[in-house]
Amino acid sequence: MRSVISQYTLDKQKAPQSLEDLIPAGYIKQLPKDPFTNDANWTTDQEDTIMAVDQQEPGIVDVHSCRT
């Protein structure tokens with residue numbers, strides 16, 4: 001998932017606003033299930049606005065399990 005987020009960001013010159021943005025853009029067919037929760041309920045980390053590729057629309061830079 002992280003590599004797909006990075007590829008989207010490079011191709012579009014902006015990070016995805018949500019994981020769902022990756023689906024219509026053709027990067028994934030559906031959100032994969034988190035192996036820890038067995039559901040597609042990921043926690044995302046947002047870009048720091050100053051470090052964002054597109055400072056007007058900072059997006060997702062990382063994803064990890066929402067398991068606590």
Side-chain angles (χ1 to χ4, degrees):
M1 292 271 291
R2 289 179 180 110
S3 64
V4 171
I5 293 168
S6 294
Q7 190 60 54
Y8 179 102
T9 303
L10 288 172
D11 292 346
K12 307 284 185 185
Q13 292 300 299
K14 68 177 199 169
Q17 299 299 297
S18 71
L19 293 176
E20 289 79 11
D21 288 350
L22 302 171
I23 299 169
Y27 289 86
I28 56 176
K29 292 184 181 190
Q30 63 185 23
L31 288 178
K33 290 184 178 183
D34 177 336
F36 294 108
T37 65
N38 201 31
D39 199 5
N41 57 346
W42 297 93
T43 298
T44 58
D45 293 336
Q46 297 290 317
E47 287 179 297
D48 181 346
T49 304
I50 295 188
M51 301 298 288
V53 174
D54 181 350
Q55 292 182 345
Q56 299 299 316
E57 291 186 77
I60 297 169
V61 293
D62 198 8
V63 62
H64 49 89
S65 176
C66 69
R67 184 181 95 175
T68 55

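The first residue in the sequence is number 1, and the count goes up from there.
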Query raised in the report: Do Leu19 and Met1 touch side chain to side chain, with heavy atoms closer than 4.5 Å?
Result: yes
**Report entry** Hphob cluster co-occupancy, Trp42 + Phe36, side-chain heavy atoms under 4.5 angstrom
**Finding:** no
Query raised in the report: Which heavy-atom pair separates Arg2 from His64 by the least distance, and what is that distance?
Result: NH2-CB, 4.1 Å
Query raised in the report: Is there a side-chain contact between Asp11 and Tyr27 (heavy atoms, below 4.5 Å)?
Result: yes
**Report entry** Heavy-atom side-chain contact between Gln46 and Ile60 under 4.5 Å
**Finding:** yes
Requested in this report: To the nearest 0.5 Å, tell me how far Asp39 CG sits from Lys33 NZ.
Outcome: 7.0 Å
Query raised in the report: What closest approach, in Å, do Glu57 and Gln17 show between heavy atoms, and which atom pair accounts for it?
Result: O-NE2, 3.2 Å
Report summary line: Closest non-hydrogen atoms of Ser65 and Thr37, given as atom of the first, atom of the second and distance, are OG-CG2, 4.4 Å
Report task. Determine whether Pro16 and Thr9 make a side-chain contact, defined as any pair of heavy atoms from C-beta on separated by less than 4.5 Å. Result -> yes
Report task. Nearest 0.5 Å please: distance from the CD atom of Glu20 over to the CD atom of Gln30. Result -> 12.0 Å
Report task. Start with the C-alpha gap between Ile5 and Asp62, add the side-chain angles, then the distance that decides, and say whether side-chain contact (heavy atoms from CB on, under 4.5 Å) holds. Result -> CA-CA 8 Å; Ile5 293 168; Asp62 198 8; over 6 Å; no
Requested in this report: Identify whether Leu31 and Leu22 are in the same connected component of the hydrophobic contact network (ILVMFWY, side-chain heavy atoms under 4.5 Å).
Outcome: yes
Report summary line: All heavy atoms of Tyr8 vs all of Ala15, minimum pair found to be CE2-C, 3.8 Å
